[in-house]
Amino acid sequence: MSGAEAGHGLDRRTLLAAGGVLAAAGATGVASARVLPAAMVPLVGPGYRPVDADERGMWQQMARVEEEIAGSNLVVQDPALAKYMQGLIAKVGGPAAKDFRIYLVRIPDFNAVMFPTGFAVIFTGLLLRMRNEAQLTGVIAHEAAHFLRKHQIRQWRDTRTKTDLFAILAMGAGVAGGAAGINTGDLTQLGQFGTILSLLRYNRVLEAEADAMGVRLLAEAGYDPRAMAETWEQLIAEEKLSAKYRRKRRRRDISLFGTHPSPESRMADLRVSAAEVTRPGVFYDARRASYLAAIEKLRPTILDDQIKLNDPGASQYIVNTLAQDGWNGLLRFHEGEIYRLRNRVGDDIRAAQGYAAAVRYADAPADAWRWHGIMLSKAGRREEARAALTRYLAMAPNAPDAAFVRQMLVS
Amino acid sequence: MRRLGFALLVSVALTGCVQTRQYADTQFAPPSGDYKLLVMRPDVSVGSVTTGGLVEARADWTESARAKLLTALRAQQATRGGNVLILDRRDSLPGVSAETIAELERLHGAVGNSIAVHKYLGDDLPTKRRKGLDWTLGQQAIALGQKSGMDYALFMHAEDSFASTGRVALQVLGIAGCLVGFCAPNIGGAGQFAYASLVDLRTGKVVWFNVLQTGSQVAGIKFGDIRTDKGAAEMVERLLGRMKPGREIRRAQRARS
């Protein structure tokens with residue numbers, strides 16, 4: 001490329017930035033090029049410690065944050081599960097495999113966060129939605145990539161550079177305008193808007209990087225790299241159903257203002273990237289059994305947390321998605337619970353059917369028998385109700401309402 | 001702690017000076033004589049103000065400022081007769097678990113937030129009118145006092161920031177602009193902010209609370225530097241030096257004189 005051409009390209013870009021900001025705001029689907037997994041090399045080595053002053057300052061502040069999170073009573077106390085998740089991040093952690101820490105916190109939301117010093121916080125709501133180890137490891141790989149690519153400090157430096165530039169340009173324009181007798185206020189505001197948009201765009205670029213590197217780390221660890229796209233597919237469908245129940249349209253952020261790329265574009269990019277790193281002829285094990293074993297103790301709690309949000313659309317989608325790998329007593333019971341809490345016309349019958357289906361499985365929780373008994377009793381089937389409630393008491397003799405149920409059985 | 005700091009920071013007006021605003025329990029008499037003061041993990045952060053006006057934390061500055069502030073605090077309290085024990089980590093107090101300290105810190109964070117909202121941000125509570133400072137950490141604080149044998153606990157937070165070369169240059173440009181009619185003489189950016197909260201461990205009450213803010217609207221002009229011995233002593237003196245007794249105590253003093 002000749003110098004003149006390069007200069008021309010730059011001019012055009014400047015023109016676009018200055019004049020076309022509002023036009024760009026109207027066009028929501030600003031396409032950005034996909035980040036290639038092969039280009040994503042780790043930027044930190046084992047036992048990484050920051051050297052630069054800005055990064056050292058960031059790390060120092062984070063020490064106290066980590067202490068606060070580690071000591072929070074939201075952290076799930078399950079040493080076996082903690083060890084399991086630590087093992088997963090070690091598999092996809094690249095050179096920093098041994099340096100990561102994971103905290104699982106009891107919040108019924110789909111979310112995970114990586115902090116700049118290499119500790120991740122994973123919400124139980126995310127654990128609930130994962131169908132197998134490959135999907136969970138995919139999310140963890142994405143978070144690990146944030147650390148391996150030094151995203152937080154790069155984000156900070158980008159913000160610093162752009163706000164510096166904006167301050168200098170605004171002041172310079174003001175002084176120049178003052179000398180020439182022009183008020184530059186409007187232009188400065190447009191510039192500020194452009195700076196904010198540019199900061200958000202950088203954030204989306206980093207998210208795309210983490211997706212691309214995550215796919216690669218996942219494949220290298222022997223998991224099916226398509227698991228990450230599956231996760232997004234599930235999330236999109238869940239949001240749609242949740243919105244439909246509330247008679248609303250799914251919230252779609254204008255991508256120009258988003259800190260993350262839209263789920264749709266992430267899913268699309270992840271699919272292409274996954275195809276790129278998939279090795280033909282290799283059998284990928286999703287390791288569903290080991291995942292279920294690891295979360296077995298926690299699953300009733302996190303299912304219950306989700307149902308109690310009273311977001312029937314999302315809850316139903318989650319239960320049905322998990323049931324694609326086979327129904328069981330726990331899932332059937334919660335299916336009944338969703339209807340009982342939704343409480344629309346006919347939902348009492350649907351709930352009763354859910355409880356009745358649940359108790360046919362050996363793993364039905366005690367509460368399934370309790371509600372099954374109550375529903376039977378309401379329907380006037382006294383003998384069957386008695387049998388179900390007796391079973392409930394046998395399974396949960398110390399339940400808070402045990403004395404009350406015993407009294408019911410006597411009278 | 002950070003959130004509380006932010007709420008208080010919003011409450012103090014941006015003026016080019018040193019200002020403090022303290023509140024005390026009506027029955028508060030400043031500690032004197034042979035008392036034992038427990039300083040709860042002082043939260044210090046020092047940073048540099050970028051050209052664009054953001055504060056970037058600096059680890060080395062923070063560490064030296066923290067050490068200097070603690071030395072200054074010890075010296076200042078000794079003049080009143082106080083014995084100071086500084087809690088460095090949550091688990092450094094023998095016989096008291098890290099969780100107990102963590103819970104007390106969080107409780108103080110919540111109570112302090114309430115003080116910030118209802119005393120400093122102007123949202124007055126009718127139930128607390130004319131009652132001085134009327135907040136308590138309750139039984140947990142009393143239990144800590146009994147276990148540790150300390151009389152008071154001090155929660156302290158301090159921030160300081162310095163304009164970078166770029167910020168100062170920008171300020172110079174802003175002032176130079178006045179000659180051509182574009183005047184930006186006060187872009188500001190650097191300054192100090194601190195608060196201290198004194199809890200009586202015998203009653204559990206927050207007996208005294210003070211907020212300190214120093215700064216100028218002209219980047220490059222400073223009122224102290226807590227990275228130096230002198231600056232640290234200055235901040236401690238401004239924050240804790242002039243503890244006013246509570247209203248009842250002042251009235252009794254006036255009656256006597």
Side-chain angles (χ1 to χ4, degrees), chain A residues 49-75 77 116-117 152-153 155-185 188 191-192 195-196 198-199, chain B residues 1-3 41-63 65-66 89-91 97-103 105-106 109 157 159 161 163-167 169-185 187-189 219:
Chain A
R49 286 289 173 277
V51 182
D52 299 335
D54 54 356
E55 199 173 6
R56 285 182 53 214
M58 190 182 251
W59 277 55
Q60 190 192 49
Q61 291 200 313
M62 281 303 136
R64 214 158 178 157
V65 174
E66 181 168 2
E67 187 184 26
E68 202 53 52
I69 289 173
S72 161
N73 55 7
L74 286 175
V75 173
Q77 301 299 332
T117 48
Q152 289 88 349
I153 191 68
Q155 169 91 57
W156 167 254
R157 285 173 185 162
D158 177 71
T159 308
R160 193 180 56 199
T161 309
K162 283 172 182 163
T163 51
D164 280 2
L165 262 177
F166 171 70
I168 294 166
L169 289 178
M171 185 70 85
V175 173
I182 305 163
N183 183 354
T184 53
T188 306
Q192 192 170 23
T195 306
I196 293 167
S198 153
L199 291 175
Chain B
M1 206 85 159
R2 284 272 146 79
R3 213 167 13 170
R41 299 200 319 151
D43 190 12
V44 180
S45 78
V46 183
S48 131
V49 181
T50 66
T51 310
L54 305 169
V55 179
E56 182 171 284
R58 284 283 301 263
D60 45 347
W61 293 357
T62 299
E63 258 151 44
R66 192 171 189 277
R89 295 190 322 274
R90 278 180 174 165
D91 58 357
S97 72
E99 280 90 88
T100 308
I101 298 293
E103 275 171 18
E105 281 178 357
R106 289 182 200 128
H157 170 101
E159 288 171 24
S161 59
S164 62
T165 323
R167 188 73 178 167
L170 194 68
Q171 178 66 80
V172 170
L173 189 60
I175 293 171
C178 292
L179 298 175
V180 294
F182 178 82
C183 215
I187 59 169

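Below, read A as the first sequence line, B as the second, and so on, with proteins coming before strands; counting in each chain starts at 1.
In this structure, the portions of Thr159(A) lying under 4.5 Å from any heavy atom of chain B include both its backbone and its side chain. For Trp156(A), the part lying under 4.5 angstrom from a heavy atom of chain B is the side chain only. Residue contact with chain A, scored on non-hydrogen atoms closer than 4.5 Å, involves the backbone and the side chain of Glu63(B) alike. Neither the backbone nor the side chain of Glu55(A) comes within less than 4.5 Å of any heavy atom of chain B.
A salt bridge links Arg41(B) and Glu67(A); the closest N-O separation between the charged side-chain nitrogens and carboxylate oxygens is under 4.0 Å. Checked for salt-bridge contact, Glu56(B) and Arg157(A) miss the test: no charged N lies under 4.0 Å from a carboxylate O.
Here the shortest heavy-atom pairing between Ala167(A) and Gly52(B) reads CB-CA, 3.9 Å. Of all heavy-atom pairs spanning Met171(A) and Gly174(B), the tightest one is SD-CA, 3.6 Å.
For residues 175-185 of chain B, no pair satisfies salt bridge (charged side-chain N to carboxylate O under 4.0 Å, His left out), with sequence neighbours left out.
Listed by chain and number, the residues in a side chain to side chain contact (heavy atoms under 4.5 Å, CB included) with Thr51(B) are Asp164(A), Ile168(A), Ser164(B), Leu170(B) (sequence neighbours excluded).
Ranked by non-hydrogen atom pairs under 4.5 Å with chain A, the options Arg90(B), Glu103(B), Arg58(B) are led by Arg90(B). If you tally non-hydrogen atom pairs under 4.5 Å between each of Ala53(A), Ala170(A), Gly172(A) and chain B, the highest count goes to Ala53(A).
In this structure, the separation between CG on Leu54(B) and NZ on Lys162(A) is 13.0 Å, given to the nearest 0.5 Å.
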